[in-house]
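Just follow the structure's listing: the first ligand is 1, and inside any ligand the first atom is 1. Computed from heavy atoms alone, side chains included, the values below leave out hydrogens, waters and symmetry copies.
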Amino acid sequence: MHEHDVIVVGAGGAGLRAAIAAQEAGADVAIVSKLHPVRSHTGAAEGGINAALRDADSWQDHAYDTMKGSDYLGDAPAVEALCQESPEEVIQLEHWGMPFSREEDGRVSQRPFGGLSFPRTTYAGAETGHQMLHTMYEQVVKRGVTVYDEWHVMDLAVTDEDDPADRTCHGVVAYDIQSGEVSGFRADNGVILATGGMGQVFDHTTNAVANTGDGVAMAYRAGVPMEDMEFIQFHPTTLPSTGVLISEGVRGEGGILYNSEGERFMFEHGYANNDGELASRDVVSRAELTEVNEGRGIEDEYVHLDMRHLGEERILDRLENILHLAEDFEGADGLTEPMPVKPGQHYAMGGIETNEHGETAIDGLYAAGECACASVHGANRLGGNALPELIVFGKRAGRHAAGEDMGEATVTTGKDGEWEAADYEFEIEVGETGGKGPAAADGGAVASDAESVLGATVERAKDRVDELLARKGRNHAEIRSKVQETMTANVNVFREEGRLEETLGDLREAREAYKDVAVSDPSRTFNTDLIHTMETRNILDIAEALTMGALARKEFRGAHWRKEHQERKDENWLKHTLVSWNDGEPELWYKPTILEGENKTYEPKSRSY
Ligand SMILES: Cc1cc2nc3c(=O)[nH]c(=O)nc-3n(C[C@H](O)[C@H](O)[C@H](O)COP(=O)(O)OP(=O)(O)OC[C@H]3O[C@@H](n4cnc5c(N)ncnc54)[C@H](O)[C@@H]3O)c2cc1C
């Protein structure tokens with residue numbers, strides 16, 4: 001058993017920033033991570049970090065762009081916190097030694113990004129996330145924060161009161177990938193989930209194989225609602241054969257999209273007459289797929305992104321990494337030919353419901369970064385807004401968990417504020433399929449007192465590992481592939497009712513199949529089969545909640561396009577989708593979006609670029 005004041009799960013940008021903040025606030029902090037910190041997926045971020053740094057720019061303009069980009073589903077208090085605090089966080093990174101790209105006069109460079117009214121994206125070449133991660137990891141090492149790396153967190157130790165609002169999180173249970181040991185980590189003050197994205201729910205994604213949404217699924221099963229899960233970002237420029245990202249930085253520097261007829265379709269077909277390639281990502285992804293569907297795609301699959309006109313010197317200075325990615329993963333030389341690109345899953349706007357301090361509906365449990373939904377991205381995230389979210393909300397969660405008084409939050413969690421039940425009957429049954437068997441993750445609590453809950457959760461996790469290793473049954477890989485295939489085929493950029501229902505049916509079958517899951521490798525050390533089997537359960541729960549939200553939301557907003565509902569419907573749908581697990585029975589409900597900021601209300605307007 002390990003014991004610390006604050007346990008941070010995850011060592012990407014959000015986890016590292018949270019750990020530094022909690023340590024600065026006087027807490028004894030430990031990070032538990034299934035990957036070594038610098039292997040976290042933040043390291044893959046290429047394009048940059050938005051921050052209103054220049055005199056001609058302002059946090060208010062950044063907030064306006066973000067609310068518009070969110071299609072008015074962002075919560076203004078969280079959006080304003082992001083935009084007010086990202087400049088000081090970027091300056092903090094610079095003071096810690098992050099090697100930002102610079103102008104001739106020494107100022108940190110900023111480039112245009114999609115949906116921004118000012119070029120406010122700071123960057124370090126095309127490897128911004130890598131530099132950010134290393135800069136913060138140095139601070140973690142310098143401060144002596146304990147890092148338990150290669151520990152896969154399986155479960156949260158949460159008490160078992162009926163109402164999730166009465167439950168408390170006392171720690172986590174993790175499996176040591178190197179030794180096979182299962183151990184408890186008691187958190188005297190709080191647990192911060194910073195477990196990143198869930199791209200592996202889809203099979204064409206820019207996300208790493210480790211991005212399986214573990215924290216989101218664990219929190220969900222423990223009683224915390226998932227928020228706005230149907231809003232998935234499909235990035236317009238991913239390499240067709242692998243899903244590897246070609247950064248928006250290419251379009252920010254002037255890269256142009258062409259269809260098979262050599263047309264600059266963003267303008268020539270009227271998708272975004274003002275901003276063209278630099279329209280918001282949802283707009284560009286839909287435009288590309290429309291070109292392909294109308295027969296103007298290349299090989300019926302993709303379009304071209306051309307940066308040759310930028311010249312070798314500029315490309316090598318600002319986008320060198322892109323040349324390597326296109327060459328290594330697609331065999332395309334970006335200096336002499338256009339690069340093939342198509343939309344791919346990239347980012348989850350939704351996640352664990354939190355307020356602007358990172359608190360969840362369960363006492364002692366926090367979330368920050370991509371796994372969280374502080375509601376800054378709403379229905380569509382602007383490029384360059386995820387990295388500032390990590391540092392702003394990572395810091396906030398760290399300080400709060402360490403016990404700093406940060407005042408009353410404006411955003412409510414759980415059913416504390418106004419809410420309404422969903423009026424939707426699913427044709428397919430959802431949730432636990434009954435008789436879940438010992439191999440399934442419960443996530444729900446096992447004891448109601450603080451003293452015994454951690455020990456009891458450890459015992460349950462040990463039983464689960466023993467059972468998975470001992471039994472005979474199906475391999476997780478076939479179940480995972482089926483989930484990824486149906487999600488990619490049916491819950492993608494374009495969505496329609498029948499295919500969403502079909503997906504719920506496929507997921508039901510996958511849940512049934514998972515009841516027989518078993519691990520073929522019986523060893524206790526570096527057993528990736530075991531880890532992937534546990535992750536597959538998380539993918540299943542997330543895929544289901546996401547599809548439920550997508551079916552029930554009968555409108556077109558941001559990244560959520562519905563064939564039968566071609567308009568944004570503010571009268572009925574200015575509200576967040578929440579899905580609660582309720583001991584195996586998913587419940588869909590809604591709470592209103594907060595459009596009132598500090599000094600203004602962000603009135604929904606039509607969104608054109
Ligand atoms: C290719 C790519 C490029 C991007 N470029 C940009 C960009 O230029 N600008 C921008 O703003 N955003 C960008 N994004 C988005 C942004 O990078 C991510 O949203 C962000 O880095 C996620 O950070 P995080 O700290 O939340 O998670 P991650 O960096 O993914 O870290 C997650 C951590 O959680 C740990 N973990 C997960 N599950 C468990 C478990 N069960 N037990 C223990 N540990 C666990 C992992 O080990 C890891 O340390 C990009 C995303 C991608 C995929």
Side-chain angles (χ1 to χ4, degrees), residues 7-19 31-51 82 86 111 113 121-124 126-130 132-133 136-137 147-156 172-177 185 192-200 205-208 210-218 233 235 237-239 243-249 252 281 321 325 344-349 351-352 367-372 376-377 381-391 393-394 441 531 534-535 538:
I7 302 281
V8 181
V9 183
L16 295 178
R17 188 66 189 92
I31 297 175
V32 186
S33 176
K34 68 179 177 183
L35 302 175
H36 183 274
V38 297
R39 294 194 59 226
S40 301
H41 207 52
T42 295
E46 298 164 11
I49 314 172
N50 295 337
L82 175 85
S86 67
R111 56 166 59 126
F113 245 47
T121 309
T122 60
Y123 57 96
E127 60 228 24
T128 311
H130 172 85
M132 180 176 169
L133 204 54
M136 289 201 284
Y137 183 50
V147 180
Y148 301 91
D149 66 305
E150 301 203 314
W151 281 84
H152 174 92
V153 173
M154 295 174 62
D155 219 341
L156 302 171
V172 303
V173 175
Y175 173 87
D176 182 2
I177 299 170
F185 292 75
I192 303 174
L193 293 172
T195 51
M198 54 177 81
Q200 290 303 318
T205 174
T206 61
N207 284 202
N211 287 17
T212 47
D214 301 354
V216 181
M218 273 186 273
Q233 178 157 86
H235 195 292
T237 57
T238 71
L239 295 175
V244 165
L245 180 78
I246 296 299
S247 169
E248 188 161 315
R281 289 177 178 173
N321 189 31
L325 293 174
Q345 192 284 345
H346 182 58
Y347 185 84
M349 268 73 79
I352 303 165
E370 188 169 340
C371 72
V376 288
H377 309 302
R381 171 174 76 84
L382 293 183
N385 261 358
L387 295 181
E389 180 190 10
L390 308 183
I391 44 186
F393 291 96
I531 302 298
M534 294 193 274
E535 292 169 343
N538 299 333

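The heavy atom nearest to atom 13 (C) of ligand 1, considering only Ala14, Ala45, Ser247, Ser33, is found in Ala45.
Atom NE2 of residue His152 and atom CD of residue Glu535 lie 5.5 Å apart, to the nearest 0.5 angstrom. Atom CD1 of Ile246 and atom CG of Asn321 lie 8.5 Å apart (nearest 0.5 Å). Here the CG-OG1 distance, from Leu239 to Thr206, works out to 11.0 Å after rounding to the nearest 0.5 Å. Rounded to the nearest 0.5 Å, atoms CG (Leu16) and CD1 (Ile31) are 5.0 Å apart. Taking CZ from Phe113 and CD1 from Ile49, the interatomic distance works out to 10.5 Å, rounded to the nearest 0.5 Å. The CG atom of Leu387 sits 7.0 Å away from atom OG1 of Thr128, with the distance rounded to the nearest 0.5 Å.
The atoms of ligand 1 that sit less than 4.0 Å from any heavy atom of Tyr347 are 19 (O). Ligand 1 places these atoms under 4.0 Å from at least one heavy atom of Asp214: 38 (N), 39 (C), 40 (C), 41 (N). Contact atoms of ligand 1 toward His152: 41 (N), 42 (N) (distance under 4.0 Å to a heavy atom of the residue). Interface atoms of ligand 1 facing Gly48, defined by a heavy-atom separation under 4.0 Å, are 7 (C), 8 (O), 9 (N), 10 (C), 11 (O). For ligand 1, the atoms sitting less than 4.0 Å from at least one non-hydrogen atom of Asn207 are 53 (C), numbered in the order shown with element in parentheses. Within ligand 1, counting atoms from 1 as listed, the ones closer than 4.0 Å to a heavy atom of Leu245 are 1 (C), 2 (C), 3 (C). The atoms of ligand 1 that sit less than 4.0 Å from any heavy atom of Leu35 are 47 (O). Those atoms of ligand 1 that come under 4.0 Å of a heavy atom in Gly10, given as number and element, are 33 (C), 34 (O), 35 (C), 49 (O).
At least one heavy atom of Thr206 sits under 4.0 Å from some atom of ligand 1. By the 4.0 Å heavy-atom criterion, Gly129 is excluded from the residues contacting ligand 1. The shortest separation from a heavy atom of Ile49 to ligand 1 is not under 4.0 Å, leaving the residue out of contact. For Trp151, the closest heavy-atom approach to ligand 1 falls below 4.0 Å. By the 4.0 Å heavy-atom criterion, Gly13 is counted among the residues contacting ligand 1. Put simply, no part of Gly215 is less than 4.0 Å from ligand 1, judged by heavy atoms. Ligand 1 is approached by Arg381 to a heavy-atom distance shorter than 4.0 Å.
For the pair Thr205 (side chain) and Gln345 (backbone), a donor-acceptor distance under 3.5 Å is present. At distances below 3.5 Å, at least one donor-acceptor pair connects side-chain atoms of Arg111 with backbone N or O atoms of Gly47. Not a single donor-acceptor pair under 3.5 Å links the side chain of Thr42 to the backbone N or O of Leu133. Judged by distance alone, with hydrogens and angles left aside, the side-chain atoms of Glu370 form a donor-acceptor pair with the main-chain N or O of Ala348 at under 3.5 Å. Using a distance-only test at 3.5 Å, with no hydrogens or angles considered, no donor-acceptor pair links the side chain of Gln233 to the main chain of Arg281. No donor-acceptor pair closer than 3.5 Å links the side chain of Asp155 to the backbone N or O of Val172. The backbone N or O of Ser247 sits less than 3.5 Å from a side-chain atom of Glu46, completing a donor-acceptor pair. The closest donor-acceptor contact from the side chain of Thr212 to the backbone of Gln200 lies at 3.5 Å or more, if one exists at all. In terms of modelled atom types and a separation under 3.5 Å, the side chain of Glu150 and the main chain of His36 share no donor-acceptor contact. In terms of modelled atom types and a separation under 3.5 Å, the side chain of Asn50 and the main chain of Gly384 share a donor-acceptor contact.
Considering both main-chain and side-chain atoms, Gly47 comes within under 3.5 Å of ligand 1 through a nitrogen or oxygen pair. Residue Gly383 places no N or O, backbone or side chain, under 3.5 Å from any N or O of ligand 1.
Among all protein heavy atoms, the one lying closest to atom 2 (C) of ligand 1 is His346 CE1, 3.5 Å. The nearest protein atom to atom 18 (C) of ligand 1, hydrogens excluded, is given as Glu370 OE1, 3.4 Å; this is a heavy-atom distance. For atom 37 (C) of ligand 1, the nearest non-hydrogen atom of the protein is Thr195 O, 3.4 Å. With respect to atom 11 (O) of ligand 1, the closest heavy atom belonging to the protein is Leu387 N, 2.8 Å. The protein non-hydrogen atom at the shortest distance from atom 48 (C) of ligand 1 is Ser40 OG, 3.4 Å. Protein heavy atom at the shortest distance from atom 42 (N) of ligand 1 is Val153 N, 2.8 Å. Ranking protein heavy atoms by distance to atom 16 (C) of ligand 1, first place goes to Ala386 CB, 3.9 Å. Closest protein heavy atom to atom 43 (C) of ligand 1: Lys34 N, 3.2 Å.
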Item to check | Verdict with supporting geometry, Asp214 and Lys34, salt bridge (charged side-chain N to carboxylate O under 4.0 Å, His left out) | outcome: CA-CA 10 Å; Asp214 301 354; Lys34 68 179 177 183; 2.9 Å; yes
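Of the heavy atoms in Leu390, only side-chain atoms (C-beta onward) come closer than 4.0 Å to ligand 1. The backbone of Ala194, and not its side chain, has at least one atom closer than 4.0 Å to an atom of ligand 1 (non-hydrogen atoms only; backbone = N, CA, C, O). Residue-level proximity to ligand 1 for Glu248 is absent, since no heavy atom of it falls below 4.0 angstrom.
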